Asks: 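Dumping the structure here so I can ask a few things about it.
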Amino acid sequence: MKTVLKYIVGKGQLGLLLGALISLLGLASCIEKDAKIPPPEYSKRTSIICYLSPRNANVSVQLGFTVPYFGVQSDTVSYYSDAKVTVSDLSAGTSVVLPFNRVDFVYRVGKNKMPILNDHQYRVDVVLADGRSYSASTQIPPKLGPTDLQLGKFSVGKLEQNQQFGQQVSVNVELKMGNTRKGFYYSPQFDIVLEDGQGDFYGNTMYFKGSGVEEGIGSDTLRFFYQERMWLQGGGGMGGGSAIDPMKFNGAEGTFWVFDKGYAESYNKFFEDTGNPFAEPILLYSNWSNGAVGTLGSFDWEEMTITP
Amino acid sequence: MLLIISFSIVVIDASAQNTALAKSTISGYLRDKSSGEMMGNVVVNAQLSGVRTTTNNYGFFSLTLTKGEGQWLQFRYPGLLTDSFYWSAKKDTTITIELAAVEQIAAVEIRSRKTTIADRADMSRIDIPVQQIKDIPALLGEKDVMKVIQLLPGVQKGGEGQAGIYVRGGGPDQNLIVLDEAIVYNANHLFGFFSLFNGDALRSVELVKGGFPSRYGGRLSSVIDLNMKEGNNKKFAGEVGIGLISSRAVFEGPIVKGKSSFMISGRRTYLDALAQPLIMASTQGANAGYFFYDFNAKANYILSEKDKLYVSGYFGRDKFYFNENTADTKFKTNFGWGNRTLTARWNHQINPKMFANASAIYSHYDLSINVLQKDANSDAFELNYKSDINDYGVKYDLDYRPNPKHMVRTGFSTINHKFSPSAVVLKVGSNFNFDRKISVINTYESGIYVEDQWREGKWNFYPGLRVSHYVVDKTQYLKPEPRMSFAYNLRKDIALKGSYALMNQYIHLLSSTGIGLPTDLWVPATTNVKPMQSQQWATGIAKDFKKGFSLSLEGYYKTMNHVITYKEGASFLLQDDFLNPSVSVNNKAWESQVTSGKGWSYGSEVFLQKQVGKLSGWIGYTLSWTQLQFDAVNNGVKYYAKYDRRHDASVVCIYRLSKLFTASMTWVYGTGNAITMPQGYLRGTGHYPSTMPEIWDPSNQAFNNEMIDYGKRNSFRMAAYHRMDIGLQFKKEKAHGIKTWELSVYNVYNRYNPFFYYGQMNVAGTVRSLKQVTLFPFIPSLSWTYKFR
C-alpha cells in the first residue's frame, strides 16, 4: 500500500485523485491478515553478471545466487568463491581463467591478460563446484568513429514568451548514422546549444524518444529524432527572457553508445521498470544457459560533437 | 394444484398464399395477456403432424402445414401442459394470441422461454429467467444479472465482488454485451462491484458461450443478449425497492391502451449521503462522495398488425467528487464515467412467412476528469481530460420460415466506431495553455450473415456463415466466419450435440489490472495490432428428466490467435504525466505497449438444472485449463492465464415454502487465480548507458542493484475461493400490490477470500511475510420492495 501511495502522489494531482478514490474504497471495507497459504516457493537461481568492453580496465564476472523475497532477510552478499570462470576470445583462440577476489567478491583479471577487442566474439563459461555449468557468448560491437553520427534535418522556430517558464522555442533535430553494422545504438541525451540573433548562446538538453535504443541491421540508416519545445535558460536562469530572434542551432554534443543484444535486452528491462505498482511484472532477463539469471553483455561508446 | 391457462384469440385477417403448394400457413404473435408484452422462444407445436416452431424475440411465429389437415396447436412452457388451439388449416391465417397463466406455487417464472434442452439444435446457450435473478441473494442486496451469470458453468468471475466475467478461457473484453441491440462497453459500476443492468427493467437475458449463431459477431468468447421490458400496454404497474446502498423504481403502462406502452426505470445509490458525515469529519469540512445512477426507458407503438415501432435507451453514470473551500484555496474535482445507448427499431411482417426488423443504434462510453484549483497566492490550475468511444450503427434482420423444417435468418449490420483515446486541456494561470487532442480514430465494422435451423427427422442442424469486414485507416480485413451446430435426438429426451464456431474481434480492451477500472481503454485493431480470432469446437449430451430436471454435459476446445497482452513493465494506469510541461504527453503509443500471441482453453462443463417445483435452481461444475503464449512475455514460454481456474462449481437453490415465503442459497467454489508474485531478489552490479561515459567495474559497487525475481509468469496460485450466501424473502399481499422484505447474508460462514496478496516486512526489517487483503466478510443486508398493480 505504501508503495502504491508513494507512486500515486508522485504522479501529481491526477494520481492523487485516482488514488484517493481507490483508497477510499479499499480502506472502506478491506481486511488485512496473514495469508493462509505459504508464500511463493523460493528457487535459488545462479546469477552471473558480466559486461565486456574495450573501455573497461578489467575483465570481471560477478557470480552469485538469488536470495529469498519472503522469509528471513539478509544483507550479506551471496557469492560463489569456488567456481571455475573462464573467458575465451573465440576470434583470437585464447582464453583465461579468472581468479576470485575476496575483497569485492568478483572473478577478475586485468585487461592485459584478456584484451577486449571490437568485433571479436567472446564466451564466458562458469562451472560451479557441484558440477553445474553455465555459458553465454557475446560479440563486442564495432568501434564508433567520431563522425559516424551526422546531423540530418534540423529546424528552430520563432521565440515564444511564457510568463511562468520564460522563453521557449520549438526545435527539431535529426541525427543519423548511415550504413550501420549490426548492433544496438543508443543515445540518452545530447547537450544542445542554440544561438540567438545577437550572438548569445543558450544551452539545454535534448532527450530522444522512448528508451532511445535503435537496432541496426546492417544496411539501413538509423535516425534519432528530437522534437520538442525547449525552455531557454540564460542570463538570470530559469525564466530568462533576453533572447531575440532568429534562433539558430549551433551544435550538440554527447556520448553515443553501442552495445550487443544481451546488453540491449537487459537495459530495456531496466528502462521499463518505472516503479509503477500497477505495471506488468518484469521477469529477470537472462542470456545464460541452464537457467542462470543475469546478463553477459558488451558495449562501447564514443563522444560525439555535431555541428551544422 | 392444477395449472389453468386461458387465452383469447384474435383473428385479424386471412391472406391467401400457398395455394399453389397446397399448404396453409398460420402466423402471428404471442403476447402475455396481462401485460401485452411479446413472448419470445415459446414453442408452438402441431400435435398431429409433430412439426413445431418457436416465436422469435418479437413474439412472431409462422407454421406451414398441409392444407386442410386441421389439428391442435399447443403453446408450450417448459414442463407445463398448455391448453391448445384448433386450427383448421383451410386457409392462411394471421392471428395474435394472448396467453395467461395463473401462478402456481410450484411454477417457475412464466416468462421463462426455454424449451427442453434436448429439443434445441443449438448448444452452450442458457436463457436466464429474470425472476430467478431477483430470488438469488446478492452482495448488499443488490440483485445483479452479471453476478448470476457468473454462477453458470463455463463462466468465471474475475475476483471478489467483481462483475467482470471470463467465459471459456476468454478475457472480460471478449464478451459482447448488448442491451436492446446496443453494445455496452463498460458494464461496471463502482469498479466492477456492480453491473449497470437493473433487473427490474429487463425482460430477457441470454448467454451464449459457444456454437454462436452467425447473427452474432465481434467478440470471441460470449454473447450476453439483454432485452428491456416493453411496458404493460394494458394497465399501469410498477415496483419500488429500497436497499442498503441504493434505491430503484420501475413504472410501466399504456400510452394508448392496447397499442402503445412505456417503461421507465431508475436506480441511484446514496453512498455519498451515507459517507458524507464521515468525510467531513475527517477532512475538515470537505465535500466528497461517490454515487452512480442508471436510467432505462422504452416506448413502443403498434402501427398496424404488421408493423411495430420501439425506442429504448439507457443512461448511466458513476461519479466521484471532491470539493474543498478554505479562506485561501478553492479545490474542485470530479471524476466520472458512463454509458449511453439509444435504439430505434421497426418490426415489419412482410408476409406470413417472413418477418423483418430494422434497427438504428447509438452507443457511447466516456471517461472524464476535471480538476480546478485556485489559490490566493498562485495561478489557477485547471485540467480537463476526456476519453470516449461512440458507435453509430444500423442493422437489418430477416426471419424466413418457408416450411416447418427450416427457420432461416439473414441480415446485415454496420457500425461506425469513433474512438477518442484522450483529449487534454491544461491551463495554468492565463499564460500556460496546453490543448492536445488525439485525432478521432474512425473504424467501420460490418457483417452479413445467413443461418438456418433445419430439422430433419431426429437431426437438428444449425449451419451458418457470417462474413465480417473491418476498415481502419487504409487497412481492411475481410473474414469469413463459418458456424455450425447440430443435435441428434437419441430419444425424445436425450440429444447428442456438437458445434463449431470461428469468431473475429476487431477491438481490444486495454486493462492493466483486470478489475474493471474506468480507465480501461477500448482501442481498435490496426495495421500493427491485428484482430483477434478464435475457433471453438464443442460437443455434449443433453437430457431432460421428469419433474423439470435437465442435465447437460459439454466439452470444449478453443484456440485463440492474435490475443494481446501488455508487455512487461507496461501499464495504462497513471501513464500520462501531463502536469510536467517538459515531458511529452502520451509519449508511448499504446501499440508499442502490447504484444500479441496465442491462447488455448479446453474443459468440460456439467449443468444440472431444475426449473419447476417448490425447489428450483442448479448445480454447475467446470473443469478447465487456459494457457497463453507470447514471444515477448515469460521468455516466450507458455503459461497459465490469470483466470485459469482448474475447478469452478456453483450451487443455487431457491425454495418456495409458500406463496409468500421464499428461501434461497448459493454456494460457489473456484480454484485460486494464477498470479505473478516475487520469490527472490537478484543482487548485482548493473551497467546502464548514461550521459557520462562509464566503465563497468563492480569492485566498489558490489551487488548494489536489486532486482525482483518473479520466477515464471502466473506461477503462484491464490487460495481457493468459496463462500455461501443465503436469502429470505417475506411477501405480504396488500390492497394494491405486494410488499416484500428480503434479508440476505453475503458470505455466511465469513470466509476470508483473498482479494490480493502483498509482502510486508516486520518492524525490525528482518522478516517479510505474505499478507492478504479480503474485501467482503460476513455482510448482512435488508431491502424492501413494493410491487404495485
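Computed from a predicted model, the values in this text were never measured in an experiment. Quick note on labels: first sequence line is chain A, next is B, and so on, each numbered from 1.
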Asks: Check this for me: A/K269, atom NZ, are more than 12 non-hydrogen atoms of other residues, nucleotides or ligands nearer than 6.0 Å?
Replies: yes
Asks: How about A/D104 and B/P698: do any of their side-chain heavy atoms sit closer than 4.5 Å?
Replies: no
Asks: For B/R768, check side-chain hydrogen bond (donor to acceptor under 3.5 Å, both in side chains) against everything at least two apart and list the hits.
Replies: A/Q73, B/Y681
Asks: Does any non-hydrogen side-chain atom of B/M707 lie less than 4.5 Å from one of A/L284?
Replies: yes
Asks: For the residue pair B/Y757 and A/I37, establish whether any side-chain heavy-atom pair is separated by less than 4.5 Å.
Replies: yes
Asks: So do the side chains of A/L283 and B/N634 get within less than 4.5 Å of each other, counting heavy atoms only?
Replies: yes
Asks: Tell me, for A/S74 versus chain B, whether the close heavy atoms (under 4.5 Å) come from the side chain, the backbone, both or neither.
Replies: backbone
Asks: Indicate yes or no: at least one non-hydrogen side-chain atom of B/R713 is less than 4.5 angstrom from one of A/E280.
Replies: yes
Asks: Answer with side chain, backbone, both or neither: which region of B/M718 has an atom nearer than 4.5 Å to a non-hydrogen atom of chain A?
Replies: backbone
Asks: Below 4.5 Å, heavy-atom pairs only: which of A/K44, A/R45, A/K36 has the largest tally toward chain B?
Replies: A/R45
Asks: Considering residues at least two apart in sequence or located in another chain, which fulfil the side chain to side chain contact (heavy atoms under 4.5 Å, CB included) criterion with B/T595?
Replies: B/T565, B/K567, B/F630, B/A632, B/V633
Asks: Side chain, backbone, both or neither: which part of A/Y285 has a heavy atom under 4.5 Å from chain B?
Replies: neither
Asks: So with a 6.0 Å cut-off around CG of A/D75, is the heavy-atom count from everything else above 12?
Replies: no
Asks: Check each atom of B/I779 against the heavy atoms of chain A and say whether the ones under 4.5 Å are side chain, backbone, both or neither.
Replies: neither
Asks: With the side chain counted from C-beta on, respond yes when B/E568 and A/P281 share a heavy-atom pair under 4.5 Å apart, and no when they do not.
Replies: no
Asks: Check step by step if side chain to side chain contact (heavy atoms under 4.5 Å, CB included) holds for A/V67 and B/R683.
Replies: CA-CA 8 Å; A/V67 296; B/R683 291 186 178 134; 3.7 Å; yes
Asks: Name the region of A/S43, side chain, backbone, both or neither, that has any atom closer than 4.5 Å to a heavy atom of chain B.
Replies: both
Asks: Are the side chains of B/W696 and A/N58 in touch, meaning some heavy atoms are under 4.5 Å apart?
Replies: no
Asks: Could you tell me which portion of A/E41 (side chain, backbone, both or neither) has an atom closer than 4.5 angstrom to a non-hydrogen atom of chain B?
Replies: backbone
Asks: Specify whether B/H687 and A/Y51 have parallel, tilted or perpendicular ring planes, treating 30° as the upper limit for parallel and 60° as the lower limit for perpendicular.
Replies: tilted
Asks: Please find the pair of heavy atoms, one from A/I49 and one from B/G684, that lie closest to each other, and give the distance.
Replies: CD1-CA, 3.6 Å
Asks: Looking at every non-hydrogen atom in both residues, tell me the closest pair between A/P40 and B/Q679 and how far apart they are.
Replies: CB-CB, 4.2 Å
Asks: Please rank A/F65, A/F70, A/Y42 by heavy-atom pairs under 4.5 Å with chain B and give me the top one.
Replies: A/F70
Asks: At their closest point, which heavy atom of A/G294 faces which heavy atom of B/L682, and how far apart are they?
Replies: N-CD1, 4.2 Å
Asks: Is it the side chain or the backbone of B/P678 that comes within 4.5 Å of chain A heavy atoms, both, or neither?
Replies: both
Asks: Is it true that, when you exclude B/K319 itself, more than 12 heavy atoms of the residues, nucleotides or ligands shown sit nearer than 6.0 Å to its NZ?
Replies: no
Asks: Heavy-atom cut-off 4.5 Å, strictly under: side chain, backbone, both or neither for B/T676 against chain A?
Replies: side chain
Asks: If you round to the nearest 0.5 Å, how far is CZ of A/R55 from CG of B/D697?
Replies: 15.5 Å
Asks: Does a side-chain heavy-atom distance below 4.5 Å link A/Y69 with B/D709?
Replies: no
Asks: Using every non-hydrogen atom in the two residues, find where A/W301 and B/I695 come nearest and quote the distance to one decimal.
Replies: CH2-CG2, 3.8 Å
